[in-house]
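Structure first, then comments.
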Amino acid sequence: MKIKPLICKITGLTLALASLFVSATPDTSSKDNKAAEKLYVEHCQSCHGVGRLGAMGPALFPENLSRLRKNKAVKVIKNGRPATQMPAFDKILNQTEIASLIDYIYTPAKELPKWTLADIRATNIQHFEQSKLPNKPQFDADLMNLFIVVELGDHSATLLNGDTFEPITRFKTRFALHGGPKYSPDGRFVYFASRDGWISKYDIYNMKIVSEVRAGINTRNLAVSSDGKYAIVGNYLPHNVVILDTKDLSPIEMIETKSSEGVSSRVSAVYNAPPRHSFIVALKDVKEVWEIPYSDKGGVDVYKGWAHDYRKDGGEGKVENWKSEDRFPVRRIQTQDYLDDFFFDPEYINLIGTARNSHNGQVINFDTKKKVATIELTGMPHLGSGITWDYQGKEVFASPNIKEGKITVIEMENWQVIKEIKTDGPGFFMRSHSKSPYAWADVFFGPNKEKVHIIKKDTLEIVKTIAPAPGKTAAHVEFTKDGKYVLLSIWDNDGAVIVYDANTLEEVKRLPMKKPSGKYNVYNKINYERGTSH
Ligand code: DHE
């Protein structure tokens, strides 16, 4: 059969993905299945993608739903899912329709879609030859005080001057970016990941997307190594991580994410751990966390004592046995529970993890691989958005909660919860700056989604609550380099980024934007400022 290349409506680009979709198509021979497929196309496809491959929402195959029992899946379709874009369908679909959709998404594809290293390589685009582009910024601004603002409304991003709060340029991104874009260590380049697997490298100096590659079919996020040489991409589909050369985004290695027992797992997220010169990989479906050193020294100098941990065959190898091809060896850390959401202490000695459906947080020491504490964390803490600061001479960690209206404050020395700050509803993001006396926390969900709380860091009390755009979600703040101003998003197509004086808490400026989500300050990001996400 001759397969025509598929024209991707979203990006307008011709993608040679036809074989992928063909192999992902479920058996549609039965009448019931045809009816279910029709329902899927009508109600689910716009978010979950053609052929169930994932887009804004995750891919829907049994292999990706292994942790979701069918009766729970029914509830998700009926009631929606908190902290996601998944709406409730109980008023749109009847019970029989929901049941047939459940059967449909739990029916294996004839063959799971493949996306090999060769497929990835074939998508690698060089829009510009880097060596032919000027090595100087083509605009005048403090390069450390720039912001990238992601605008989900029309899949764009704005490069913003953090001194004048004037946009420098605005450009199209791939469809449905997710997670924070990541900067190169010098702040010149920024890397974006879209939910459908596209990784784009943007040259800030020249205001151009220079390289792109499709590293996965359904992607979570990316991280960039501290030496700036590698990017790692974590995927839901296929189950793997892909390591890219940041020079041109060409793929270097693909590592299938299988537990030591051979069980395949989606990747929840990938992170960079600067002091460890390694990437951390959170696995969703197995009780393991991975550490992958990327240092050019092959980890040998840094991790001498752990050489055997990194051996792919698990044997007690000696350091001398290291081969250059073991560039990205995997060190496995077994956990007692499935861990979805992570936070790291600033030294990257411990990781704090929670499973979305469990009631405790676990603190795991990276070096000993042992659990060192259990934290009382109820609801659904969003650890990834947590921040740290000094409180009464001790370091505390504060996390919003996406199910309950509270911020949990934990003393990091003994991992005790010292306060639960009551909020006007569940929140998503939290931010501060080492030079600011305040931490900002949004109320992302429920009737108070328009509100943002401002917490005094030395009293742990809410001192002000703002609602700058009545009826519209206000969420996600980021500080300027010096901590003097705060930028807040109004998540609406007719939205804005609002600039506040970080000390007087008064509004300074309102910039119209199309559903701005995250914004990312170059200095704060490349310096791993404590008050921001990493
Ligand atoms: Fe996110 C970051 C996971 C839904 C907007 N989100 C992250 C990160 C993870 C994560 C692991 C950190 C990765 C990074 O920055 O490199 N997000 C999840 C989920 O599991 C969840 C709940 C379900 C899902 O669909 O994936 C989820 N996230 C959402 C949304 O619905 C949001 C609000 C809108 C959107 O863009 O899809 C959303 N997530 C964000 C943003 C960040 C993020 C803006 C970066 C925050 C930052 O400041 O760094």
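First listed ligand is number 1; within each ligand, the first listed atom is number 1. Numbering starts at 1 and runs along the sequence shown.
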If you count the atoms of ligand 1 from 1 in the order shown, which ones are under 4.0 Å from a heavy atom of Leu152?
36 (O)
Looking at Glu347, I want to see if its CD is surrounded by more than 12 non-hydrogen atoms of other residues, nucleotides or ligands under 6.0 Å.
yes
Where does Met430 meet ligand 1, judged by heavy-atom distances below 4.0 Å: at the side chain, the backbone, both, or neither?
neither
Are the aromatic ring centres of Phe428 and Phe445 under 6.0 angstrom apart?
yes
Is there a donor in the side chain of His476 and an acceptor in the side chain of Lys519, or the other way round, less than 3.5 Å apart?
yes
Indicate the atoms forming the closest heavy-atom contact of Lys182 with Leu222, along with that distance.
NZ-O, 2.8 Å
Considering the options Lys514, Lys515, Arg170, which one meets the side chain to side chain donor-acceptor pair (under 3.5 Å) requirement together with Glu151?
Arg170
Within ligand 1, which atoms have a heavy atom of Arg431 less than 4.0 Å away?
47 (C), 48 (O), 49 (O)
Taking distance alone, with N or O pairs closer than 3.5 Å, would you say His178 contacts ligand 1?
yes
Give a yes/no verdict on whether any heavy atom in Arg195 is under 4.0 Å from an atom of ligand 1.
yes
Looking only at N/O atoms, are Trp491 and ligand 1 under 3.5 Å apart anywhere?
no
Ignoring angles and geometry beyond distance, decide whether Ser517 reaches within less than 3.5 Å of ligand 1 through its nitrogen or oxygen atoms.
no
Ser250 versus Lys247, side-chain donor and acceptor atoms under 3.5 Å
no
Cation over ring, Arg331 on Phe366, under 6.0 Å and within 45°?
no
Looking at ligand 1, does any of its N/O atoms fall within less than 3.5 Å of an N/O of Gly180?
yes
Under 6.0 Å between the ring centres of Phe279 and Tyr294?
yes
For Phe444, the ligand 1 atoms whose distance to one of its heavy atoms is below 4.0 Å:
33 (C)
In terms of atom number and element, which parts of ligand 1 are under 4.0 angstrom from non-hydrogen atoms of His476?
46 (C), 47 (C), 48 (O)
With side chain to side chain donor-acceptor pair (under 3.5 Å) as the test, would you mind laying out the steps for His239 and Ser265 before giving the verdict?
CA-CA 6 Å; His239 296 178; Ser265 173; over 6 Å; no
Which atoms from ligand 1 have a heavy atom of Ser533 less than 4.0 Å away?
47 (C), 48 (O), 49 (O)
I want to check a possible cation-pi pair here: Lys449 against Phe444, using under 6.0 Å from ring centre and within 45° of the ring axis as the test.
no
Does ligand 1 come near enough to His382 that some N or O of the ligand is less than 3.5 Å from an N or O of the residue?
no
Centres of the His433 and Tyr485 rings: under 6.0 Å?
no
Backbone or side chain, does any N or O of Arg220 fall under 3.5 Å from an N or O of ligand 1?
yes
At a non-hydrogen distance cut-off of under 4.0 Å, which region of Val150 contacts ligand 1 (side chain, backbone, both, or neither)?
neither
Considering only heavy atoms of Tyr520, which atoms of ligand 1 have at least one such atom less than 4.0 Å away?
44 (C), 45 (C), 46 (C), 47 (C), 48 (O), 49 (O)
Below 4.0 angstrom from a heavy atom of Lys182, which ligand 1 atoms are there? Numbered from 1 as shown, please.
14 (C), 15 (O), 16 (O)
Which of the atoms in ligand 1, numbered in the order shown and given with their element, are less than 4.0 Å from a heavy-atom of Ala269?
11 (C)
